[in-house]
Amino acid sequence: MGRKNRKKLFEQVAVVDTATKGKTVAKTEDGTVIFLPNAVPGDVVDIQTYKKRKAYYEGKAVKFHSYSDKRTEPVCEHFGTCGGCKWQHMAYEHQLFYKQKEVLNNLTRIGKVELPELTPILGSAQQYFYRNKMEFSFSDSRWLTQEEVDSQEDLGDRNALGFHIPGMWDKILDVKKCHLQADPSNAIRNAIKEFASENNIAFFNTRHQTGLLRTLMIRTSSIGEVMVLIQFYKEDTEKRELLLNYVQETFPEITALLYVINEKGNDTIYDQDVICFHGRDHIFEEMEGLKFKINAKSFYQTNSDQAYELYKITRDFAGLAGDELVYDLYTGTGTIAQFVSKKAKKVIGVESVPEAIDAAKENAEFNNITNTEFFVGDMKKVFNAEFINTHGIPDVIITDPPRDGMHADVVQQILNIAPKKVVYVSCNSATQARDLALMDAMYKVIKVQAIDMFPQTHHIENVVLLKKRDLTV
């Protein structure tokens, strides 16, 4: 009986809202809720379900009776298969509406905190070609469409250089043109694929761990610098140099041409040696006269233009007068810390990744910033009473934690020292809301500003200003 319940066909159902992870919500006339990935609020569809949960179904739209007026034509030929830009079929103004709605819902339903009137979400001027970093995978057995499988024809070259099919670790979609990163990204990727295929440089097979070419990473910066890193499964000097020399000669604009030899079972390069083949081992990004050195392993916000807007909002919320001690928790490579440093007396940055702290110190020295200090360690262990006694009680805390939000011990330590202001930058308003609830007795939410870093996706960044309540009243 349970298996039958999972597979149901619901007809002429209205899609009424968006949900988490880029899905939408449909609701039948009797109140049955169904989550589906391939519709837009306002569509009327038939839905084939494939999972039954206690309170809802999961399914897919199999027939459209009418289309929403919120729809737009996707620009990418890979839309619907790639899975990278799930909202490309929704007009941008509606994407922004649902992103702001998600922030408001999370802060009110999860956080249950009193909110000021929300400032309108800050959209991105660039709705495509906004990413400064892309990673692609090689495969010797590209993903086939159902039409190709059914054709029984000789499909010829099966090599691919593109993205993983969602939920499939060994299936790669061959990408012809990606609309997320500006040129020369597409030109470099397509040229590498063509040259490698023509010269019999074997593409990787994840399942069998065979082949030579594993991954390609391309990073760009707003000042025109380009990094290309090719990951090889093993050393084959002749073929490696053949390919790298071709890339260097064909794309002289490349600032940093790098490679990795990685014989592990996974593709991560963070425990691997990155070797510079030509040029520098890094590129530079620039913001308000500050330069930031970015190497292959550096974290840097992947939308440079919107990162600048995010940092300006953060600095504005902090409202620094020049005599404040600021703590920048989860500082990463210290970008926010350095960005606000000229308006602070001193900024203390804390981060768990040693390489990120090394980069933060190096960038601060490079930019002649002398009022920052950076420390490495697990936040919940480093950010303790001894640390605060040594460095002083901050006037302002800026915190930009990962998607999981702040550890409860970190929240408690903030409450213990009770700075006047906390600026909370978040890429997940649900965990942000949870943390705000923990701080609500001591802090009041003064400002909320959502900012869209990733158009065509459901992701949204949110900045909140908290001010200490007057508990004497």
Side-chain angles (χ1 to χ4, degrees), residues 132-133 219 221-225 227 255-256 280-377 379 382-383 387-402 417 419-425 451 461 463 465:
N132 57 39
K133 178 185 177 184
R219 300 186 86 147
S221 77
S222 62
I223 57 174
E225 299 201 339
M227 175 187 291
T255 313
R280 300 196 227 110
D281 66 354
H282 60 275
I283 59 175
F284 283 107
E285 184 56 273
E286 193 171 304
M287 192 180 295
E288 278 195 359
L290 299 174
K291 277 195 170 185
F292 299 100
K293 181 178 174 182
I294 300 169
N295 63 41
K297 299 179 184 180
S298 295
F299 170 79
Y300 192 82
Q301 288 282 1
T302 50
N303 183 337
S304 297
D305 290 346
Q306 285 297 86
Y308 180 41
E309 299 301 326
L310 176 68
Y311 297 159
K312 284 194 292 185
I313 291 165
T314 303
R315 185 173 61 191
D316 177 62
F317 277 21
L320 302 175
D323 58 351
E324 296 93 346
L325 173 62
V326 179
Y327 279 13
D328 182 25
L329 307 184
Y330 310 92
T331 190
T333 56
T335 316
I336 290 178
Q338 292 173 65
F339 192 76
V340 304
S341 64
K342 60 186 174 184
K343 297 214 169 182
K345 181 179 179 181
K346 188 173 185 178
V347 184
I348 303 287
V350 186
E351 168 62 46
S352 64
V353 181
E355 293 84 359
I357 289 297
D358 290 342
K361 291 177 179 178
E362 188 175 11
N363 283 326
E365 185 176 350
F366 184 82
N367 287 308
N368 297 313
I369 295 173
T370 58
N371 64 334
T372 58
E373 280 191 83
F374 297 100
F375 299 90
V376 66
M379 188 66 62
V382 172
F383 184 50
F387 184 90
I388 293 152
N389 288 336
T390 301
H391 300 288
I393 295 176
D395 301 290
V396 178
I397 284 181
I398 297 170
T399 181
D400 185 6
I417 61 176
K420 298 171 190 172
K421 297 182 207 170
V422 177
V423 182
Y424 192 148
V425 183
I451 174 170
E461 204 95 3
V463 188
L465 170 62

Between [X] and [Y], what is the shortest heavy-atom contact and its length?
{"X": "D323", "Y": "D395", "value": "O-OD2, 4.2 Å"}
{"X": "V353", "Y": "V376", "value": "C-CG2, 3.9 Å"}
{"X": "F374", "Y": "A337", "value": "CE2-CB, 3.8 Å"}
{"X": "E373", "Y": "F375", "value": "OE1-CZ, 3.5 Å"}
{"X": "A256", "Y": "I283", "value": "CB-CG2, 4.3 Å"}
{"X": "A360", "Y": "G332", "value": "CB-O, 4.4 Å"}

Pairs of donor and acceptor atoms involving the side chains of residues 311-318, under 3.5 Å and at least two apart or interchain, shall be tabulated with distances.
residue: K312; atom: NZ; partner: E309; partner atom: OE2; Å: 3.4
residue: T314; atom: OG1; partner: L310; partner atom: O; Å: 2.9
residue: R315; atom: NH1; partner: E288; partner atom: OE1; Å: 3.0
residue: R315; atom: NH2; partner: E288; partner atom: OE2; Å: 3.0

Hey, could you give me the [atom1]/[atom2] distance between [X] and [Y], rounded to the nearest 0.5 Å?
{"X": "N371", "Y": "K343", "atom1": "CG", "atom2": "NZ", "result": "13.5 Å"}
{"X": "L290", "Y": "N367", "atom1": "CG", "atom2": "CG", "result": "5.0 Å"}
{"X": "I294", "Y": "F284", "atom1": "CD1", "atom2": "CZ", "result": "9.5 Å"}
{"X": "E286", "Y": "S222", "atom1": "CD", "atom2": "OG", "result": "7.0 Å"}
{"X": "D400", "Y": "I336", "atom1": "CG", "atom2": "CD1", "result": "4.5 Å"}

**OP:** Applying side-chain contact (heavy atoms from CB on, under 4.5 Å), name anything that partners S304, two or more places apart in sequence or on another chain.
**Re:** N132, E285, Y300
Are [X] and [Y] close enough that some pair of their side-chain heavy atoms sits under 4.5 Å apart?
{"X": "V340", "Y": "V396", "result": "no"}
{"X": "V350", "Y": "F383", "result": "no"}
{"X": "I348", "Y": "T331", "result": "no"}
{"X": "Q306", "Y": "E461", "result": "no"}

**OP:** Could you tell me how the ring of H391 sits relative to the ring of F387: parallel (under 30°), tilted (30 to 60°) or perpendicular (over 60°)?
**Re:** tilted
**OP:** Go through the steps for L325 and I393 under the test side chain to side chain contact (heavy atoms under 4.5 Å, CB included), then give the verdict.
**Re:** CA-CA 8 Å; L325 173 62; I393 295 176; over 6 Å; no
Subject >> Neighbour count >12 (heavy atoms, 6.0 Å) for atom NZ, K346 >> reply: no
Original post:
So does E365 have more than 12 non-hydrogen atoms from other groups sitting under 6.0 Å from CD?
Top reply: no
**OP:** Determine yes or no for a side-chain-to-main-chain donor-acceptor pair under 3.5 angstrom, with D328 supplying the side chain and V347 the backbone.
**Re:** no
Original post:
Got a donor-acceptor contact below 3.5 angstrom from the R219 side chain to the N295 backbone?
Top reply: yes
Subject >> Partner of V425 under side-chain contact (heavy atoms from CB on, under 4.5 Å), chosen from L329, I451, T399, V463 >> reply: V463
Original post:
Can you list every side-chain hydrogen bond (donor to acceptor under 3.5 Å, both in side chains) pair that touches residues 351-364, not counting sequence neighbours?
Top reply: K293-E362
Subject >> Basic-acidic side-chain contact under 4.0 Å: E324, K420 >> reply: no
